[in-house]
There are 2 protein chains.
Amino acid sequence: MNRYAHAKRMLVAIDCIIFGFDGEELDLLLIKRNFEPEKGNWSLMGGFLNEDEDLEDGAERILYDLTGLKNIYVEQIATFGKVDRDPVERTLSVVFFALINIKDHDQEAVKAHNAHWITLGKKPKLIFDHDIMVGRALEHLRYNAALHPLGFELLPEKFTIPQLQKLYEAIYDMKLDRRNFSRKILSTKLLIDTGEKDNNSTTKKANLFRLDKARYQQKFYSFWHFMPDPALPESL
Amino acid sequence: MNRYAHAKRMLVAIDCIIFGFDGEELDLLLIKRNFEPEKGNWSLMGGFLNEDEDLEDGAERILYDLTGLKNIYVEQIATFGKVDRDPVERTLSVVFFALINIKDHDQEAVKAHNAHWITLGKKPKLIFDHDIMVGRALEHLRYNAALHPLGFELLPEKFTIPQLQKLYEAIYDMKLDRRNFSRKILSTKLLIDTGEKDNNSTTKKANLFRLDKARYQQKFYSFWHFMPDPALPESL
DNA sequence: TGGTAATGTGTCAATTCGACACAATGTTTT
DNA sequence: AAAACATTGTGTCGAATTGACACATTACCA
């Protein structure tokens with residue numbers, strides 16, 4: 001038990017990288033800090049982990065506090081632990097990333113926190129190691145969006161295939177062939193044609209699709225993905 | 001600054017999942033604890049993060065302490081933070097996984113820690129949430145071994161293609177076609193034929209290959225992998 | 001010296017992929 | 001009202017990749 005007695009207790013922060021999609025580019029929800037430390041500079045949304053709170057609950061609390069949203073897509077990415085990463089006091093930061101439909105958030109709550117949606121390409125310099133965190137989050141998004149049907153979290157419930165394509169083009173910063181993309185997406189049988197049309201369009205109105213949620217759950221691990229499903233052995 | 005004053009400081013542990021490969025199956029290096037808490041039960045190798053120590057340095061210290069090895073493959077997987085995961089006191093655990101060549105470790109150091117190599121299929125029940133950690137580590141290994149040339153970390157410097165195949169079969173718990181596997185691996189141009197033969201064999205001696213390390217670095221992100229390399233934008 | 005076991009290499013059909021063309025729809029312009 | 005324009009839906013075709021399978025080679029052993 002001596003081990004416990006001699007070990008150092010330290011602060012644990014939670015920082016959230018919040019991705020949205022405005023129809024053309026990926027956006028981040030960032031805070032213009034009106035509090036110390038680093039008042040006046042940009043940072044991720046964050047907070048300290050409470051004594052009686054699980055990590056995931058902490059992340060959800062912080063995200064709810066800023067956006068007013070619950071049940072959004074949240075995933076832990078990594079923990080940052082350099083000794084001097086926070087100049088005030090040694091603080092570990094557990095980083096989460098969240099994908100939200102940019103139309104859904106509570107505008108009042110966002111304004112109250114002095115938060116702003118910023119296009120990824122125009123991201124200002126962030127405090128501490130937050131720039132590295134964003135880089136890691138983007139890498140994570142690129143990895144997982146190719147292997148899992150993650151992208152749908154960033155779109156409204158009903159969306160068109162050209163919208164979905166623009167999203168993937170924004171994530172990977174590349175152009176994709178319209179016809180091949182459509183063929184590949186439809187071959188997953190993950191989309192259901194609602195029969196409705198996108199009336200926002202000024203030219204030919206595209207078909208609106210929605211996710212087949214049951215199939216989505218079932219295919220989470222095999223979408224665009226050639227590995228055996230990571231079924232764990234009985235003993236685990 | 002008040003935020004800092006009111007936040008709770010807590011213990012931070014590091015736990016390591018150490019994978020090895022015995023030529024037939026995946027193995028884990030586990031501790032039969034001769035210290036409290038949970039004395040007599042099995043656990044992962046771990047320890048507390050020191051005050052003046054980066055996370056990765058802590059993981060390397062703990063791994064060196066147990067195996068006598070440095071410069072091994074180590075990767076952070078996730079942080080576990082359930083409030084009651086450690087019954088003694090609230091403790092976060094940052095989990096790392098390490099891949100080592102099972103022949104290389106320091107036998108004395110391992111014995112001194114009462115550690116043992118256990119075949120994954122015969123893993124005993126572990127303490128706390130360590131079973132879940134092992135599950136997550138295996139999932140991580142399966143993910144990444146398909147996308148990156150990770151497997152080589154588990155093999156000696158010179159290895160044969162049939163050895164490599166057995167490793168992949170152990171990781172994914174499935175049989176692969178010998179001829180197609182060979183074709184796929186060789187098509188990566190990642191292996192260099194040393195010209196030597198494997199003299200351990202009692203039948204036809206297989207060719208010994210080694211990794212083309214330069215190409216390995218270069219191809220880390222495109223090996224068996226169809227996404228664009230995650231090159232980050234200038235701003236990150 | 002022939003039998004056995006494991007390795008190295010080749011073939012072939014089915015599928016998938018990437019590049020590309022054309023028809024259909026809805027708006028705007030003349 | 002018709003022509004021009006922008007965007008969407010669908011099809012084709014050759015090339016590359018994949019999965020299933022066969023055969024020759026090497027080394028040990030009886």
Side-chain angles (χ1 to χ4, degrees), chain A residues 23-24 145-147 149 155-156 158-170 172-210 219 222-229, chain B residues 22-24 145-147 149 151 155-156 158-170 172-210 219 222-229:
Chain A
E24 293 296 330
L147 300 175
L155 294 174
K158 297 176 183 176
F159 52 86
T160 68
I161 291 185
Q163 274 171 5
L164 188 61
Q165 179 177 345
K166 280 197 170 163
L167 170 59
Y168 275 90
E169 290 180 336
Y172 294 108
D173 193 25
M174 67 189 312
K175 283 284 164 196
L176 299 172
D177 184 272
R178 207 164 52 80
R179 298 151 283 196
N180 294 338
F181 181 81
S182 173
R183 172 166 36 124
K184 201 161 186 173
I185 286 289
L186 289 174
S187 77
T188 66
K189 313 270 188 195
L190 230 52
L191 302 191
I192 297 176
D193 193 333
T194 63
E196 302 168 59
K197 302 272 182 186
D198 173 20
N199 285 314
N200 296 324
S201 171
T202 161
T203 62
K204 178 168 181 177
K205 298 178 196 317
N207 294 339
L208 283 167
F209 290 83
R210 60 182 179 78
K219 294 212 56 160
S222 57
F223 175 78
W224 276 14
H225 181 171
F226 57 97
M227 286 178 285
D229 276 48
Chain B
D22 59 22
E24 295 295 331
L147 299 175
L155 294 174
K158 297 176 184 177
F159 53 86
T160 68
I161 291 185
Q163 274 171 5
L164 187 62
Q165 179 177 346
K166 281 197 170 164
L167 170 58
Y168 276 90
E169 290 180 338
Y172 294 107
D173 192 24
M174 67 189 310
K175 282 286 167 197
L176 299 172
D177 183 90
R178 205 164 53 79
R179 298 151 281 195
N180 294 337
F181 181 81
S182 173
R183 178 179 32 162
K184 200 162 187 173
I185 285 289
L186 290 174
S187 77
T188 65
K189 313 271 188 193
L190 231 51
L191 302 191
I192 296 175
D193 194 333
T194 63
E196 302 168 60
K197 300 272 183 187
D198 174 20
N199 285 315
N200 296 324
S201 171
T202 161
T203 62
K204 179 170 181 176
K205 299 179 196 315
N207 293 340
L208 283 166
F209 290 83
R210 60 182 179 78
K219 297 216 46 160
S222 57
F223 175 77
W224 276 14
H225 181 175
F226 57 97
M227 286 178 285
D229 277 47

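Note that the coordinates shown come from a computational prediction; the quantities given were computed from them, not determined experimentally. Just the heavy atoms: all of them, side chains too, but no hydrogens, waters or symmetry mates, feed the values below. Chain letters run A, B, ... following the sequence lines, proteins first, then strands; residues in each count from 1.
- The distance between atom CD of Glu196(B) and atom C1' of dT7(C), rounded to the nearest whole Å, is 17 Å.
- Between Leu176(B) and Gln165(B), the shortest heavy-atom contact is O-NE2, 2.9 Å.
- Annotation: ring pair (Phe, Tyr, Trp, His ring centres under 6.0 Å) contacts of Phe159(B) (sequence neighbours excluded): Phe152(B).
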Quiz item: Which letters describe nucleotides 20-30 of chain C, given B = protein heavy atom under 4.0 Å from base, S = only from sugar-phosphate, - = neither?
Solution: BB--BBSS---
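- Taking atom CD1 of Ile185(B) as the reference point, atom P of dG8(C) lies 13 Å away to the nearest angstrom.
- Every residue meeting the side chain to side chain donor-acceptor pair (under 3.5 Å) condition with Asn200(B), not counting sequence neighbours, appears here in chain and number order: Asp198(B).
- Applying the side chain to side chain donor-acceptor pair (under 3.5 Å) test to Lys205(B) and every residue at least two apart in sequence or in another chain returns nothing.
- Contacts between chain A and DNA chain D, taken as any atom within less than 4.0 angstrom of a protein heavy atom, begin and end at dA6(D) to dG11(D).
- Here Arg210(B) pairs with nothing under the side chain to side chain donor-acceptor pair (under 3.5 Å) rule; sequence neighbours left out.
- The nearest pair of heavy atoms linking Thr194(B) to Leu208(B) is OG1-O, 2.7 Å.
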Practice problem: With side chain to side chain contact (heavy atoms under 4.5 Å, CB included) as the test, would you mind laying out the steps for Phe209(B) and Leu155(B) before giving the verdict? | Solution: CA-CA 11 Å; Phe209(B) 290 83; Leu155(B) 294 174; over 6 Å; no
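- Side-chain atoms of Ser182(A) never come within 3.5 Å of backbone atoms of Arg179(A) as a donor-acceptor pair (strictly under, hydrogens ignored).
- Following rounding to the nearest Å, Lys184(B) (NZ) and dT9(C) (C1') show an atom-to-atom distance of 18 Å.
- For Gln165(A) and dG18(C), the CD to P distance is 13 Å, given to the nearest whole Å.
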